[in-house]
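Order of listing sets the numbers, starting from 1, for every ligand and every atom in it. Start at 1 with the first residue, then count along the sequence.
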Amino acid sequence: MGTSPAMNGLDARQVGHLSGELERLKQEALAGVRRSAGEMSVEDAELFRDLGLSGDGGLAEAEFERDVAGAAKVRAALIAIVAAERRLAGGQYGLCEDCGEPIGFARLEAYPAASRCVRCQESEEKRGGPSHFAG
Ligand SMILES: [Zn+2]
């Protein structure tokens with residue numbers, strides 16, 4: 001068949017499920033952006049372009065919340081989700097970005113965009129790292 005076995009411990013059905021969850025979460029986040037009031041900053045526009053999200057659904061006109069914390073939350077969620085989709089496409093999905101160990105289906109089901117295993121995420125949080133959106 002030519003494909004090597006997945007190293008992340010997930011079977012095709014689990015990957016399919018998580019892929020669907022990521023898509024759903026992305027649509028939710030994008031809907032949140034569209035609903036919100038306020039203008040998208042140049043920085044946000046660049047971010048969206050970098051993420052490949054502009055130009056396919058009116059995101060050029062997308063608006064962010066005036067609430068800075070809310071906007072940051074939406075941004076963080078989108079970044080984590082898009083990064084997870086890229087790992088999925090690149091065959092790296094489900095592997096901890098710090099230690100390379102499988103993250104595990106239970107954790108991914110709770111946080112489809114998780115990029116770290118529980119152990120590494122906990123030490124990251126102790127260092128004051130990113131929010132739970134990244135896992
Ligand atoms: Zn780890």
Under the side-chain contact (heavy atoms from CB on, under 4.5 Å) test, which residues partner Leu22, sequence neighbours left out?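 Result, side-chain contact (heavy atoms from CB on, under 4.5 Å) vs Leu22: Ile81, Ala84, Glu85, Leu88, Tyr93, Pro112, Ala113.
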
From OG (Ser19) to CG (Leu10), nearest 0.5 Å: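 One finds 11.5 Å between OG of Ser19 and CG of Leu10.
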
More than 12 foreign heavy atoms under 6.0 Å from CZ of Arg119: is that the case here?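 No.
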
Hey, which protein N/O/S atoms does the Zn ion (ligand 1) have under 2.8 Å?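 Hits for the Zn ion (ligand 1) below 2.8 Å: Cys96 SG, Cys99 SG, Cys117 SG, Cys120 SG.
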
Verdict with supporting geometry, Glu122 and Lys126, salt bridge (charged side-chain N to carboxylate O under 4.0 Å, His left out): CA-CA 6 Å; Glu122 279 174 357; Lys126 276 176 198 147; 5.4 Å; no

Shortest non-hydrogen separation from Gly94 to Leu108 and the atoms involved: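 Looking at all heavy atoms of both residues, the shortest contact is CA-CD1, 3.8 Å.
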
Donor-acceptor under 3.5 Å (Arg107 side chain, Arg116 main chain):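 Indeed, once roles are kept as given, a pair shorter than 3.5 Å links the two residues.
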
